[in-house]
Amino acid sequence: MTTTPSTARLDKWLICSDPAFQSISGFWRTETGTPSLLDWRLTSQMIEPVPREQLATRLEGLAQEGSAWNLLVVVDMADIALLQHLQHVAPHMNVRLVEWGETPLAAILGMNAPDQAVLAALQAISGDAGSVDLANRPADLAGYVDALNAWENACRANDADAFALSLPAFADAPIPWHTLLAAAAQTTPQTTAANDNWVELVRLAAATSGDDVQAVSLEDPRNTPAQWTLTLAPIDGGPATLAVFRVNEAAIPAFRGCTIRLRVLGDVISLGEVDEDGQAEIILPSPIAIQGLAISWDEGK
């Protein structure tokens, strides 16, 4: 048996361009359909919009988390300041620059293909499949496998010879994705409620000028139906904001006593513990930035 070497970092795309993100989350998401890796990455926040002026803060946050991603920063066109900053962080992070204005189609193909490290692991296999050790386990592993299968089927249907040439170990047999990712599957949490991981919340629709004074509700992106909803509501038009974390009735037993935290531009805000009614809330003196917002909770006692 030939096993795949080292640990594979999953790709995480940071999109620092409004036109690019609108194109990706609109036209290209519809074009690639479901299940597809591009659609899965958008749903799983592996394709994340980050305003250009907040990129340094976002990269710093990922570094503090001990980021194990293969980061791809997408901009319309690079400037000197950006190149210098990426050169500064490159020794500490696995990061690559993609200029949307130069290679939009290549970027889309990358977003709709297996992660670079996963592909490299597949190409290194010369016998019976071993396993691919993922540096970060996807929260939606089943959806990831479905999207990988869809990619493989499309490649074989479009050009079986090219597929066989690229991945000769799987020229005559389907890729056993479940077997390859078995190690990741074995470490999947048995409960989905209590955890110590940050869940990134991405608002796909572009904000309008009226959104500053409107309540915004963000749902649990990992489960269907959603287990919880986070609502951010300006009080009397702002700037004070009421943040309410509300759990669906069926999930209350799993979340009761959990401490809810928000991470906003590097700052961590505690909403307190989820009460008997499945709710935790806090009043903040200022609005909460939607972009880059993340949520986590600790296991209740």
Side-chain angles (χ1 to χ4, degrees), residues 40 42-46 48-49 57-58 61-62 64-67 136-144 184-205 207 210-301:
W40 178 83
L42 282 166
T43 301
S44 302
Q45 287 82 55
M46 299 298 284
E48 173 188 347
T57 301
R58 185 69 185 105
L62 288 169
Q64 291 174 352
E65 295 169 19
S67 173
N136 274 348
R137 182 190 69 249
D140 179 19
L141 185 62
Y144 182 51
Q186 290 171 2
T187 58
T188 300
Q190 296 302 307
T191 57
T192 57
N195 66 81
D196 294 319
N197 298 321
W198 289 99
V199 179
E200 297 171 12
L201 301 174
V202 177
R203 195 172 183 202
L204 299 181
D211 283 342
D212 293 339
V213 294
Q214 299 295 325
V216 174
S217 291
L218 302 169
E219 288 190 337
D220 166 19
R222 292 183 173 180
N223 298 283
T224 303
Q227 289 188 334
W228 50 262
T229 301
L230 174 67
T231 301
L232 308 173
I235 300 174
D236 296 329
T241 302
L242 174 65
V244 180
F245 178 87
R246 184 174 292 106
V247 181
N248 289 348
E249 185 174 355
I252 289 177
F255 280 88
R256 186 182 293 116
C258 292
T259 299
I260 309 302
R261 302 189 307 273
L262 300 181
R263 187 181 64 212
V264 186
L265 301 179
D267 295 327
V268 176
I269 301 167
S270 175
L271 275 66
E273 293 186 357
V274 176
D275 60 22
E276 295 294 320
D277 296 324
Q279 186 167 304
E281 63 180 57
I282 190 174
I283 296 177
L284 301 170
S286 60
I288 293 180
I290 300 298
Q291 300 293 351
L293 178 65
I295 190 169
S296 73
W297 50 89
D298 294 325
E299 186 172 356
K301 299 179 181 179

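All values derive from a computational prediction rather than experimental measurement.
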Point-to-point distance, once rounded to the nearest 0.5 Å, from CD1 of I295 to CZ of R261
10.0 Å
Search all heavy atoms of L218 against all heavy atoms of W228 and return the closest pair with its distance.
O-CZ3, 3.9 Å
Test your reading of the model: is there a side-chain donor-acceptor pair from D275 to the backbone of D277, 3.5 Å cut-off?
yes
Heavy-atom nearest pair, T241 first then P287, reads OG1-CA, 3.3 Å
How close do G272 and A280 get, counting heavy atoms only, and between which atoms?
O-CB, 3.9 Å
With sequence neighbours left out, what residues match L284 under side-chain contact (heavy atoms from CB on, under 4.5 Å)?
I269, I282, I288
What's the separation between atom CG in L262 and atom OG in S270, rounded to the nearest 0.5 Å?
8.5 Å
One should read off an interatomic distance between L141 CG and S44 OG, to the nearest 0.5 angstrom, of 10.5 Å
If you round to the nearest 0.5 Å, how far is CZ of F245 from CG of D220?
8.0 Å
Judged by modelled atom types alone, do R246 and T229 share a side-chain donor-acceptor pair under 3.5 Å?
no
G278 to I252 - nearest heavy-atom pair and separation:
CA-CG1, 3.8 Å
Which pair of heavy atoms, one from I235 and one from I283, lies closest together, and at what distance?
CD1-CG2, 3.7 Å
Quick one, V274 and V247 - any side-chain contact, counting heavy atoms below 4.5 Å?
yes
Nearest heavy-atom approach of Q279 to E281 is NE2-OE1, 2.7 Å
Measure the spacing between CG of L230 and CD of E219 and express it to the nearest 0.5 Å.
11.0 Å
